[in-house]
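Before any comments, here is the structure.
Values below: every heavy atom of this structure, side chains too, minus hydrogens, waters and symmetry copies. Note on naming: letters A, B, ... go to the chains in the order of the sequence lines (proteins, then strands), and numbering restarts at 1 for each one. Since we're looking at a predicted model, the values are computed, not measured.
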Protein chains: 2
Amino acid sequence: MKLSKKGEYALRALIDLGIAAEVDRELVQVAELAEKELIPIKFLEQIMQEMKAAGLVVSQRGKFGGYRLSGPASEISIGSVIRLIDGPLAPIGCVSHTVYEKCSCPDETHCGLRMLMLDVRNAIAGILDRYSLADVVDVTTRKMKRNNIPLPFSESRHPPSGSARCRLLPSRGARATVPLEQRLAPVEGLLSNLLPDYTI
Amino acid sequence: MKLSKKGEYALRALIDLGIAAEVDRELVQVAELAEKELIPIKFLEQIMQEMKAAGLVVSQRGKFGGYRLSGPASEISIGSVIRLIDGPLAPIGCVSHTVYEKCSCPDETHCGLRMLMLDVRNAIAGILDRYSLADVVDVTTRKMKRNNIPLPFSESRHPPSGSARCRLLPSRGARATVPLEQRLAPVEGLLSNLLPDYTI
DNA sequence: TCTAAACCAGATTGATTTGATAGGAATTAA
DNA sequence: TTAATTCCTATCAAATCAATCTGGTTTAGA
């Protein structure tokens with residue numbers, strides 16, 4: 001039931017880009033992401049390109065280039081990222097909604113294992129498809145603020161001259177995400193449990 | 001988030017042994033299990049030995065030997081089987097309860113991904129540790145009965161002479177498992193949903 | 001125009017895991 | 001004694017994973 005390193009790296013990088021967007025940092029270079037997250041730079045480069053091809057991020061080439069999210073973090077579900085990098089969420093192919101695959105068992109309709117794994121799949125997807133990148137970013141930045149840890153990416157790394165620069169991203173103003181409080185109340189051990197802010 | 005073939009085979013074999021116990025079949029040979037479940041026999045042999053070493057099943061060597069569950073199916077949790085064969089249930093090491101492993105991220109306490117994955121781990125473990133082999137066997141046999149499908153393993157494959165044979169297993173009489181109805185009510189897509197028997 | 005910084009692209013590699021096979025040794029019922 | 005079965009160990013091929021290497025192309029700015 002593992003998430004691959006690649007998937008982990010992809011998500012960590014996306015979360016960073018989400019934080020960067022939050023603090024109006026328009027571009028982040030692969031090198032900076034890799035350094036902060038302790039990810040092999042060339043490997044991350046590969047991953048970023050995969051995500052670019054999928055439309056999750058956009059890039060600016062050339063000197064002082066970098067990556068940013070292609071749109072609001074609230075519209076990227078965690079599940080979709082994992083599906084992109086690691087494939088279906090389902091533990092076995094015969095319960096996958098996105099990439100169903102017939103299994104070798106003689107009678108699928110009377111397979112108790114399948115029934116159980118369907119529940120597991122639904123539990124996983126129920127979490128990973130419900131929460132967006134914005135939610136994870138939100139939770140992360142809140143916790144950092146609460147603990148007086150400065151948010152990363154506040155300073156552009158290479159602003160060669162001094163001060164005001166044109167923004168690549170239109171200001172999104174207030175976050176567009178539906179606040180967590182208004183969502184389906186979690187049952188057990190959800191993000192909320194980790195954050196006294198959210199009382200359910 | 002995959003369950004390995006090995007894990008799948010292990011569970012399918014255990015479910016079969018559970019059904020076998022239910023119909024008072026005392027021993028099942030690897031060959032029979034493999035044939036029924038379309039599992040490569042030599043591979044299953046290996047798996048059975050691993051499970052034997054872990055104490056999940058016991059074997060009878062020699063002619064007309066075979067395997068059976070070492071105890072009541074109600075005392076084998078699905079989670080423990082998967083942990084044995086595939087390792088921890090957690091998607092990443094830093095949220096594993098059984099085999100914690102420090103992850104490479106710079107600040108574990110402010111890692112949003114980790115918080116999320118902890119929830120995923122809890123969701124998975126919440127299912128797989130809650131349900132026992134007996135539950136899965138139960139659900140399977142009920143469905144088969146409802147659809148008038150004869151339970152497998154009703155006939156011992158090699159009863160060379162005719163009729164009554166001494167039982168290796170003491171009759172367990174009524175099942176010792178706590179019925180599903182009395183358990184924690186599931187929220188979404190649990191086994192119950194697949195079985196109109198259980199109305200929640 | 002030149003150059004350094006950055007992304008882009010594809011091939012390659014090495015380690016590990018997965019899924020399986022092979023061949024026989026030990027055990028046991030008949 | 002024989003046949004059927006588990007037990008044991010070794011080996012293997014393919015896939016996947018995680019990463020690296022090499023060399024491009026694009027771009028901002030001096």
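Distances were taken from every side-chain heavy atom of A:Phe64 (C-beta onward) to each of C:dA20, D:dC7, D:dG29; the shortest belongs to D:dG29. Considering only side-chain atoms of A:Gln49, the nucleotide from D:dA18, C:dA9, D:dC7 that sits closest is C:dA9. Closest approach to the B:Lys63 side chain among D:dT6, C:dC8, C:dT28 is made by C:dT28 (side chain taken as heavy atoms from C-beta onward). Between C:dA20, D:dA19, D:dC7, one nucleotide has an atom nearer to the side chain of B:Tyr9 than all others, and that is C:dA20. The side chain of B:Gln60 lies closest to C:dA29 when the candidates are C:dA9, D:dT6, C:dA29. Listed candidates were D:dT20, C:dT27, C:dC8. Nearest to the side chain of A:Pro40 is D:dT20. Comparing C:dA20, C:dC8, D:dA19 against the side chain of B:Phe43 picks out C:dA20 as the nearest. Comparing D:dA28, D:dT26, D:dA18 by their closest approach to the side chain of A:Lys6 singles out D:dA18.
For A:Tyr67, there are no ring-ring contact (aromatic ring centres under 6.0 Å, His included) partners at least two apart in sequence or on another chain. For B:Lys63, there are no side-chain hydrogen bond (donor to acceptor under 3.5 Å, both in side chains) partners, not counting sequence neighbours.
For A:Ser59, a side-chain nitrogen or oxygen approaches OP1 or OP2 of C:dC8 to under 4.0 Å.
As a whole-Å value, the separation of B:Gln29 CD from C:dT27 C1' is 14 Å. For B:Lys5 and D:dT16, the NZ to P distance is 13 Å, given to the nearest whole Å. A straight line from CD of A:Glu45 to P of D:dG23 spans 15 Å, rounded to a whole angstrom. Rounded to an integer number of Å, the gap from CE of A:Met51 to C1' of C:dA9 is 17 Å. One can place CG of B:Leu27 at 11 Å from P of C:dA29, the figure rounded to the nearest angstrom. In this structure, B:Leu44 places its CG atom 13 Å from C1' of C:dG19, rounding to the nearest Å. The nearest whole Å value for the distance from the NZ atom in B:Lys52 to the P atom in D:dT6 is 11 Å. Counting to the nearest Å, the P atom of C:dA20 and the CE atom of B:Met48 are 16 Å from each other.
Put simply, B:Ile41 and B:Phe43 are part of the same group of oily side chains (I, L, V, M, F, W, Y) that touch within less than 4.5 Å, one to the next.
In terms of polar N and O atoms assigned as donor or acceptor, the side chain of A:Arg61 comes within less than 3.5 Å of the base of D:dT25 in a complementary pairing.
In terms of position along DNA chain D, the nucleotide closest to A:Leu3 lies nearer the 5' end than the nucleotide closest to the other residue of the pair A:Gly62 and A:Leu3.
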Test log, rule side chain to side chain contact (heavy atoms under 4.5 Å, CB included), inputs A:Leu133 and A:Leu69: CA-CA 10 Å; A:Leu133 187 57; A:Leu69 296 181; 3.9 Å; yes

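Salt bridge A:Lys36/A:Glu32: absent, no basic N to carboxylate O contact under 4.0 Å. Salt-bridge annotation for A:Arg25 and A:Asp16: absent, with no side-chain N of the basic residue lying under 4.0 Å from a carboxylate O of the acidic one.
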Extract from the structure each pairing of a protein N or O with an N or O of nucleotides 10-14 of chain C at less than 3.5 Å, listing the distance.
none

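A:Cys94 places a side-chain heavy atom less than 4.5 Å from the side chain of A:Glu108.
Side chain of A:Lys2 to main chain of B:Pro88: a donor-acceptor pair is present (N/O by atom type, distance under 3.5 Å, no hydrogens or angles).
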